[in-house]
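Everything below concerns the one structure shown next.
When reading the values below, keep in mind they use all heavy atoms of this one structure, side chains included, and skip hydrogens, waters and symmetry mates.
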Amino acid sequence: MRTITSMKPEYLLPSLELVEQVFTEHENAEEGRTVRALVEEIRSKKYYLPELELLMIEDGEVIGYVMFSRFHVEGKYEDRLVLLSPAAVKTNCQRQGISRELIEYGFKKAAEMGFTAAMVEGNPANYRPRGFQTSANFGIVAGPNIHLPHEDCLMVTELVPGGLVGITGEVDYSFYEVLTQE
C-alpha cells in the first residue's frame, strides 16, 4: 500500500538518495548532485517547511518525493508563496500518478497553512496539467541571473482563489548558494 507522509527522520537520507538517483538517470550525475545539494541547502534555511517535504512510501521505501518551501520575490511574499522543487519519482514507478498525488496533497496542505500560490521552474508539459501557468502572465518574471530555456518554464498557480493578486516582481535564486555556483 502506498501512503503519503511528511518528512520523518528515517527518510532524510533515503529521500536524498532518491532525488540524486532520479536526476542522475534523467539528466546526468552533475545534475543529480546539484539537486541533492539543493534539498540539503533548503533543509538548512529559514524557508524550509518540514510538513511540506512530502514522500510517497511503499513497503517502507521512498518511491516519490516533492518539496515545497517558502519563497520570496524581491524579498516579499514569503508568507504567501511556496516553491515546488524538486519533485522526483523512482524511475520504475513513473507514469503512475505519484507526483500528481504528492503535488495535489502539497497544494492542499500549503493552502491550509495559509499559502496562497505556488511557483515551479520546469517543463511546462509536466506542470500545466497541475494548473500551473506561465508566471510572466502574472507579472512574475525571471531575474537576469536565471537562464530559462523559455519564459514558459517559470510557472505559478493559485492555491486559493485570488492567491496571486498583488504578487509581482523578479525571481532570483541568489539566496541558494548551490544555484549560484558557476
Side-chain angles (χ1 to χ4, degrees), residues 6 19 22-23 26-27 31 34-54 64-89 97-182:
S6 294
V19 166
V22 168
F23 280 87
H26 291 275
E27 301 288 333
E31 185 70 6
T34 298
V35 177
R36 178 185 178 133
L38 176 61
V39 170
E40 292 176 302
E41 187 174 355
I42 291 171
R43 285 177 178 169
S44 75
K45 300 245 172 155
K46 70 177 185 173
Y47 301 109
Y48 179 55
L49 298 164
E51 54 276 82
L52 290 177
E53 187 175 15
L54 304 172
Y65 175 91
V66 298
M67 176 186 266
F68 291 89
S69 55
R70 287 182 187 277
F71 197 74
H72 70 82
V73 176
E74 297 180 4
K76 301 177 284 196
Y77 318 117
E78 71 182 57
D79 58 335
R80 294 180 55 199
L81 189 61
V82 289
L83 175 69
L84 165 59
S85 182
V89 174
I98 292 169
S99 67
R100 175 185 50 77
E101 284 185 56
L102 285 166
I103 290 168
E104 289 175 3
Y105 181 90
F107 284 171
K108 183 174 182 269
K109 198 164 179 112
E112 289 169 359
M113 294 170 66
F115 294 97
T116 64
M119 186 166 60
V120 69
E121 180 185 324
N123 182 338
N126 294 337
Y127 293 101
R128 292 225 189 280
R130 304 284 76 78
F132 282 95
Q133 301 174 56
T134 303
S135 66
N137 296 345
F138 297 88
I140 302 167
V141 297
N145 297 325
I146 297 178
H147 308 288
L148 300 172
H150 190 275
E151 89 170 351
D152 288 348
C153 295
L154 189 62
M155 297 162 277
V156 292
T157 190
E158 292 182 329
L159 301 177
V160 298
L164 284 163
V165 172
I167 299 177
T168 61
E170 283 189 356
V171 173
D172 176 16
Y173 299 137
S174 64
F175 51 93
Y176 290 121
E177 291 173 27
V178 74
L179 296 178
T180 57
Q181 297 169 356
E182 292 298 320

Closest approach of Cys153 and Leu148, non-hydrogen atoms and distance? CB-CD2, 4.3 Å
If you look at every heavy atom in Phe68 and Gly106, which pair is closest and at what distance? CE1-CA, 3.5 Å
Atom pair CG (Leu164) and CG (Leu159), whose distance is rounded to the nearest 0.5 Å: 8.5 Å
How about Ser6 and Leu54: do any of their side-chain heavy atoms sit closer than 4.5 Å? yes
Just wondering, more than 12 heavy atoms not from Lys45 lying within 6.0 Å of its NZ? yes
Would Phe107 and Phe132 count as a ring-ring contact (aromatic ring centres under 6.0 Å, His included) if you check the C-alpha gap in whole Å, the side-chain angles of each, and the deciding distance to 0.1 Å? CA-CA 12 Å; Phe107 284 171; Phe132 282 95; 5.7 Å; yes
Checking side-chain polar atoms at under 3.5 Å, does Arg128 have a donor or acceptor matched by the opposite partner on Thr157? no
Straight-line distance of Phe115 CZ to Leu49 CG, nearest 0.5 Å: 4.5 Å
Identify, with sequence neighbours excluded, every residue that meets ring-ring contact (aromatic ring centres under 6.0 Å, His included) alongside Phe138. none
Go through the steps to decide whether Tyr65 and Val22 satisfy the test side-chain contact (heavy atoms from CB on, under 4.5 Å), and finish with yes or no. CA-CA 10 Å; Tyr65 175 91; Val22 168; over 6 Å; no
Minimum-distance pair of heavy atoms, taken over all atoms of Ile140 and Thr168: CG1-CA, 4.0 Å
Locate the shortest heavy-atom distance separating Asp152 from Met155; write the atom from each residue and the value. O-CG, 3.2 Å
Any idea which heavy atoms bring Pro86 and Val19 closest together, and the distance? CG-CG1, 4.2 Å
Where the side chain of Glu78 meets the backbone of His72, is there a donor-acceptor pair that is under 3.5 Å apart? no
Glu112 with Lys108: basic N within carboxylate O range, under 4.0 Å: yes
To the nearest 0.5 Å, atom CD of Glu158 lies from atom CD1 of Ile167 at 8.5 Å
Counting distance only, does the side-chain N/O of Glu31 pair as donor-acceptor with the main-chain N or O of Phe23 below 3.5 Å? no
Which donor-acceptor pairs under 3.5 Å do side chains of residues 116-124 form with protein atoms, sequence neighbours excluded?
residue, atom, partner, partner atom, Å
Thr116, OG1, Arg80, O, 3.4
Thr116, OG1, Arg80, NE, 3.3
Thr116, OG1, Gly163, O, 2.8
Glu121, OE1, Tyr173, OH, 2.6
Asn123, OD1, Ala125, N, 2.8

Does any part of the side chain of Ile146, heavy atoms only, come nearer than 4.5 Å to the side chain of Leu154, both counted from C-beta? no
Using a 4.5 Å cut-off on heavy atoms from C-beta on, say whether the side chain of Ser174 contacts that of Asn145. no
Which heavy atom of Ile42 sits nearest a heavy atom of Ser85, and at what distance? CD1-O, 4.0 Å
Hey, could you give me the CD/CG distance between Glu74 and Asp172, rounded to the nearest 0.5 Å? 9.0 Å
For residues Pro129 and Arg100, determine if any side-chain heavy atom of one lies less than 4.5 Å from a side-chain heavy atom of the other. no
CG-CZ distance between Leu52 and Arg70, expressed to the nearest 0.5 angstrom: 9.5 Å
Would you say the side-chain atoms of Ser69 pair up with the backbone N or O of Tyr47, donor to acceptor, closer than 3.5 Å? no
